[in-house]
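Naming convention: chains lettered A, B, ... in sequence-line order (proteins, then strands); numbering from 1 in each chain.
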2 protein chains.
Amino acid sequence: MRPGVSPDIFPPRGHEAKRLSIVDAAAGVFCREGFAGANIDLIAAEAGVSRQTVYNHHGDKEKLFIAVVRDLTERCNTGIFATIATFPDQPGDLEADLIGFAVRLNQNCICNRDGKFLRKLIQTEGERYPELFAEWREQGPGRTWPAIAARFARLAYGGHLVIDDPDVAARQFLGLVNAELQTTFMLGGTPREDEVVQSATNGVRTFLRAFGKRPSAASAKKQTALANA
Amino acid sequence: MRPGVSPDIFPPRGHEAKRLSIVDAAAGVFCREGFAGANIDLIAAEAGVSRQTVYNHHGDKEKLFIAVVRDLTERCNTGIFATIATFPDQPGDLEADLIGFAVRLNQNCICNRDGKFLRKLIQTEGERYPELFAEWREQGPGRTWPAIAARFARLAYGGHLVIDDPDVAARQFLGLVNAELQTTFMLGGTPREDEVVQSATNGVRTFLRAFGKRPSAASAKKQTALANA
DNA sequence: GACGATTTGGACAAGGCTGTCTAAATTTGT
DNA sequence: ACAAATTTAGACAGCCTTGTCCAAATCGTC
């Protein structure tokens, strides 16, 4: 009550901890059961909290759902940007470096709990909350894709790759390294690590066959011709 | 009752027509609302049928859902195989032919009503009906992917492509030509035709850069064509 | 036109869920 | 240890949904 004492974050710590555990439990239940099928009692039970506490924190089911998506988007985004920071700028072995990057991206951002949940919620309820998922689109793909594209552009500028349109190359890179995981993703499964590595390896090899500097030292003029194109 | 009179298909025609319209309406509602949120009254209304008729035909909600998935799987599969039959075996302009194939595959099998619905139901309810979607997996990707791979193997055997593993190449082909449509698919949208063509064009160009015959000083006309690409 | 099968609309019970309210128990900061 | 805030358990009303039942209307065929 006294002025000047913890002006904003008044409810100390157990409060926020409970909020977190509620959002976490809700994410799991919304994913498993869908918005309509999600049961507040079940969410409360999985969060280790009474139902009333859920309502105290989040008001109603819809507000809780929105909080879940916001939280997941934010956490996934920070993960993705942290991983993009590990993109190989000064490649030693470009193939190995790109495979490593692709594997990190998958394991840290796409196949982990938050990534799986966010993807499923977008697919399942995306049409029901257009403005919420438009926000995700701006904050997610709208910012991460150009960031990855910029990294590829830099590799091309450094002479390590031959790229016409970096945006297209970035999207195709993601399509290639995930090409073998599509069915698993569709059914909501989590690919094993060796499957991720396999898909990334095949994808990067093809990517480099298309965009890598031609190793055919036979004719140097062909290289320059392709580089100009 | 007399022997030899319409032994199997006894219920004449309006019956089957109603069954169809119920399954169609149910597909739409299940997709929009999810299994839990789907309302039998709404399905009946959209089918132009009374609720009791829905129960007469399909017993209960779960059986109706299973019938929907079976129907969609079957229809999508026939569409996919029909499209695979148009794969270019004797390519004139390989790039144009592959782009055309990719666009047909998208428009006839992936972006059409059945394809969109089936994809969404798999993503949304796949985990709830493991054996049902295992069946889909065998009948769908399990049969169509090898069929496409065989077509690529044939092109490689004919000297039109340089492919190490046709299965990998087929999956990467699909990943590439759909690379630019991922976000739209995620949110349940339908890409415009020009977006499909654009993604297919970019994807096929990259695919051919990776798997196309190297313009190894063989024919000058091919070289210039690729240089322009 | 007549007959049997199908469809219809409406009523109905049983059950589940959301969101609110209360009073008691518990935690938190000082 | 105290006081305020938070959490809890339980009850509750209101609403919606599924699946069943039944009598009347309709359809399709002979």
Between B:Q139 and B:T73, do the side chains contain a donor N or O and an acceptor N or O under 3.5 Å apart? no

Distance test, side-chain N/O of [X] to OP1/OP2 of [N], below 4.0 Å:
{"X": "B:T53", "N": "C:dT8", "result": "yes"}
{"X": "A:S50", "N": "D:dT7", "result": "no"}
{"X": "A:N39", "N": "C:dT18", "result": "yes"}

To the nearest angstrom, how far is [X] atom [atom1] from [N] atom [atom2]?
{"X": "B:K18", "N": "D:dT26", "atom1": "NZ", "atom2": "C1'", "value": "10 Å"}
{"X": "B:D41", "N": "C:dG9", "atom1": "CG", "atom2": "P", "value": "12 Å"}
{"X": "A:E33", "N": "C:dG16", "atom1": "CD", "atom2": "P", "value": "15 Å"}
{"X": "B:N56", "N": "D:dT20", "atom1": "CG", "atom2": "C1'", "value": "11 Å"}
{"X": "A:L64", "N": "C:dC17", "atom1": "CG", "atom2": "P", "value": "16 Å"}
{"X": "B:H58", "N": "D:dT18", "atom1": "NE2", "atom2": "P", "value": "15 Å"}

Hey, is CD on B:E74 packed in by over 12 heavy atoms from elsewhere, all under 6.0 Å? no

Is the count of non-hydrogen atoms from other residues, nucleotides or ligands lying under 6.0 Å from A:R154 atom CZ greater than 12? no

Can you name the residues that form a salt bridge (charged side-chain N to carboxylate O under 4.0 Å, His left out) with A:D71, not counting sequence neighbours? A:R19, A:R75

Can you confirm whether B:F101 sits close enough to B:T83 that some side-chain heavy atom of one is under 4.5 Å from a side-chain heavy atom of the other? yes

Between B:F211 and B:F152, is the ring centroid distance below 6.0 Å? no

Could you run through nucleotides 19-26 of chain C and give me one letter per nucleotide, 5' to 3': B if any protein heavy atom sits under 4.0 Å from the base, S if only the sugar-phosphate is that close, - if neither? BBB-----

Is A:H57 touching bases, backbone alone, or none of the nucleic acid, heavy atoms closer than 4.0 Å? sugar-phosphate

So A:A36, base contact, sugar-phosphate only, or nothing? Heavy-atom distance under 4.0 Å. nothing

Between B:E95 and B:V204, what is the shortest heavy-atom contact and its length? O-CG1, 3.8 Å

